[in-house]
Amino acid sequence: MSSRRFLPLLLIVACLSGPALAQINPFRGSRGTPLNADDIAALTNATDLLLERPQLAAGDIETWSNPQSGARGTVTAGDPVQRKGTACRIVRYQTTVTGRNTSRSTTLTWCNTKDGWKIG
């Protein structure tokens, strides 16, 4: 779990970007209200809990929220996939930030490396 130290900045942008853009250039297309550090901590914790869940199955969900900011969302496990011989998992994020009428979604692929889960 400690291998995700770079995750906060990437997830701020990725959760507010379109799915394809997040994989290519996570800094492009991010015009939404940014998540704050506490939002990212909650989102990161939910991702950790989901990916470390024993017998993780597609469709499993972890929710997160930050009562102070009103931001909230879900982290949903997708199908397992292989990338360059490494076991990976598709993960879908749905995020709602206070003051916005719609939620944003993004999809990332996480791979289970010898150093822990990393975006693949």
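Atoms considered below: every heavy atom in the structure, side chains included; atoms not considered: hydrogens, waters and symmetry mates.
- Residue Ile119 holds its CD1 atom at 12.0 Å from OG1 of Thr113, rounded to the nearest 0.5 Å.
- Of the inter-residue distances, the one linking Leu43 atom CG with Asn66 atom CG reads 11.0 Å to the nearest 0.5 angstrom.
- Separation of atoms SG (Cys88) and CH2 (Trp110) is listed at 11.5 Å; rounding is to 0.5 Å.
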If you look only at distance, which donor and acceptor atoms sit under 3.5 Å apart when one is on a side chain in residues 72-82 and the other is two or more places apart or in another chain?
unit_1: Arg72; atom_1: NH1; unit_2: Gly70; atom_2: O; d: 3.4

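- Separating the CZ atom in Arg104 from the CG atom in Leu35 is a distance of 10.5 Å, to the nearest 0.5 Å.
- Looking at Ser65, its side chain never comes within 3.5 Å of a backbone N or O of Pro67 through a donor-acceptor pair.
- We find the CD-OG distance between Gln94 and Ser105 to be 4.5 Å, quoted to the nearest 0.5 Å.
- Here the shortest heavy-atom pairing between Leu50 and Asp60 reads CD1-O, 3.6 Å.
- Applying the side-chain contact (heavy atoms from CB on, under 4.5 Å) rule to Asn45 yields the partners Leu49; only residues at least two apart in sequence or on another chain are considered.
- Closest of all the heavy-atom pairs between Trp64 and Thr95 is CZ2-CG2, 3.7 Å.
- Atom CG of Asn112 is separated from atom CH2 of Trp117 by 4.5 Å, given to the nearest 0.5 angstrom.
- Other residues sharing a hydrophobic cluster with Ile61 under the 4.5 Å side-chain heavy-atom criterion for ILVMFWY residues do not exist; the residue is a singleton.
- Side chain of Arg89 to main chain of Leu56: a donor-acceptor pair is present (N/O by atom type, distance under 3.5 Å, no hydrogens or angles).
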